[in-house]
Amino acid sequence: LLEVRRALRLVSYFQLGSMSQSEGDYYQNLARYAEAEQEYRESIWAGQQSLEAEGDDVETQNNLGNAYLKLGDLQLRLAKYQDALSSYEQAIATYDEALRRAPDDIYALNNKGNALQSLGKLQAGLSQHQDALSSYQQAIAAYDEALRRAPDYINALNNKGNALQSLGDLQAGLSQH
């Protein structure tokens, strides 16, 4: 992957952001977390540059939101909880901006649900149970909206099932106390 990047001539910030996300994923799979974080941050920078240079584009907003989400997931894995919280909030705000521009975008709806689900997981782990319940419910609502627009969108259906399971697990755990 890294050899490919050197050979490519990246002609846009969007391409740089996409390549940096892929490299971040690669490094994370190798447990090279510092490099992964650097690549996700580069992807965020490239997405911001793309939005400034080329105007607001829903695909770029989605890509930027994904970079924030992946950075948040990495930070959660590394027990950088406040940083993860901030990254998830940035991801959600970025998807909200994409949805402001294109309310029917099923990918932005699904991705927003993913960010809310990750936020709920973080909140549950920090014993912020009411916030976690709210985040899971909002995630389910985002998936429902995507499925209303595209009933056969399997990613949203699968993600909704995962969110329902997380919500149910949290509710069951709370009822035992």
Side-chain angles (χ1 to χ4, degrees), residues 1-78 80-122 135 138-139 141-150 153-156 158-159:
L1 181 66
L2 302 177
E3 307 266 329
V4 171
R5 182 178 188 178
R6 289 185 196 104
L8 288 177
R9 183 165 182 241
L10 300 175
V11 295
S12 73
Y13 288 119
F14 181 84
Q15 289 176 330
L16 175 61
S18 295
M19 181 59 76
S20 294
Q21 264 188 64
S22 295
E23 288 175 348
D25 296 344
Y26 171 77
Y27 282 128
Q28 188 166 187
N29 288 335
L30 295 175
R32 293 173 59 181
Y33 300 126
E35 289 107 330
E37 183 173 358
Q38 179 181 343
E39 292 300 330
Y40 292 141
R41 290 190 185 284
E42 181 177 65
S43 180
I44 290 167
W45 176 83
Q48 292 167 337
Q49 297 303 306
S50 181
L51 290 172
E52 286 180 24
E54 300 164 21
D56 292 332
D57 174 67
V58 173
E59 186 176 7
T60 301
Q61 290 279 355
N62 258 321
N63 199 43
L64 178 57
N66 291 341
Y68 279 119
L69 177 57
K70 289 179 179 192
L71 178 60
D73 289 344
L74 174 63
Q75 292 163 330
L76 176 60
R77 183 177 198 167
L78 299 175
K80 297 180 178 181
Y81 302 126
Q82 285 306 118
D83 292 339
L85 177 65
S86 176
S87 293
Y88 292 145
E89 289 172 348
Q90 283 291 116
I92 293 163
T94 303
Y95 297 132
D96 281 341
E97 181 60 23
L99 290 166
R100 188 181 70 72
R101 298 181 184 295
D104 294 335
D105 190 291
I106 60 171
Y107 304 109
L109 286 163
N110 184 62
N111 291 337
K112 180 181 178 182
N114 292 342
L116 285 160
Q117 191 170 170
S118 291
L119 178 61
K121 178 181 176 183
L122 170 62
S135 293
Q138 290 176 58
Y143 298 135
D144 281 341
E145 190 61 26
L147 290 166
R148 188 178 72 73
R149 290 168 173 19
Y153 184 33
I154 194 73
N155 290 341
N158 182 62
N159 292 334

May I ask you to check whether [X] and [Y] show a side-chain donor-acceptor distance below 3.5 Å?
X	Y	answer
E39	Y26	no
N114	Y88	no
E52	Y13	no

Name the one of E42, R41, Q15 that satisfies side-chain hydrogen bond (donor to acceptor under 3.5 Å, both in side chains) with S20?
E42
Please report the interatomic distance [atom1]([X]) to [atom2]([Y]), rounded to the nearest 0.5 Å.
X	Y	atom1	atom2	result
E89	D96	CD	CG	11.5 Å
I44	K70	CD1	NZ	11.5 Å
D104	R149	CG	CZ	4.0 Å
Q138	L119	CD	CG	8.5 Å
S43	E23	OG	CD	10.0 Å
Y33	K80	OH	NZ	12.0 Å

Using every non-hydrogen atom in the two residues, find where [X] and [Y] come nearest and quote the distance to one decimal.
X	Y	value
L99	D105	CD2-O, 3.7 Å
G113	A139	O-CB, 3.4 Å
A146	I106	O-CG2, 3.8 Å
G72	A84	O-CB, 3.5 Å

Could you go through residues 59-68 and list every donor-acceptor pair under 3.5 Å that involves a side-chain atom there, pairing it with any protein atom two or more places apart or in another chain?
from, atom 1, to, atom 2, distance (Å)
T60, OG1, D57, OD2, 3.1
N62, OD1, N111, ND2, 3.1
N63, OD1, Q21, NE2, 3.0
N63, ND2, S18, OG, 3.4
N66, OD1, Y95, OH, 2.5
N66, OD1, N111, ND2, 3.4
N66, ND2, N62, O, 3.4
Y68, OH, Q48, NE2, 3.0
Y68, OH, Q90, NE2, 3.3

Given the side-chain rings of Y153 and Y107, with only the six-membered ring counted for Trp, is the space between their centroids under 6.0 Å?
yes
Could you go through Q38 and Y27, starting from their C-alpha distance and side-chain angles, then the distance that decides it, and tell me whether this counts as side chain to side chain donor-acceptor pair (under 3.5 Å)?
CA-CA 10 Å; Q38 179 181 343; Y27 282 128; over 6 Å; no
What's the verdict on side-chain contact (heavy atoms from CB on, under 4.5 Å) for L69 and Y40, showing C-alpha distance, side-chain angles and the deciding distance?
CA-CA 9 Å; L69 177 57; Y40 292 141; over 6 Å; no
In sequence, state the C-alpha distance, the side-chain angles, and the governing distance for Y143 and N155, and then conclude on side chain to side chain donor-acceptor pair (under 3.5 Å).
CA-CA 9 Å; Y143 298 135; N155 290 341; over 6 Å; no
Taking NZ, NE, NH1 and NH2 as the nitrogens, is one of them in E145 or K112 under 4.0 Å from a carboxylate oxygen of the other?
no
Side chains of S118 and L76, heavy atoms from C-beta outward: is any pair under 4.5 Å?
no
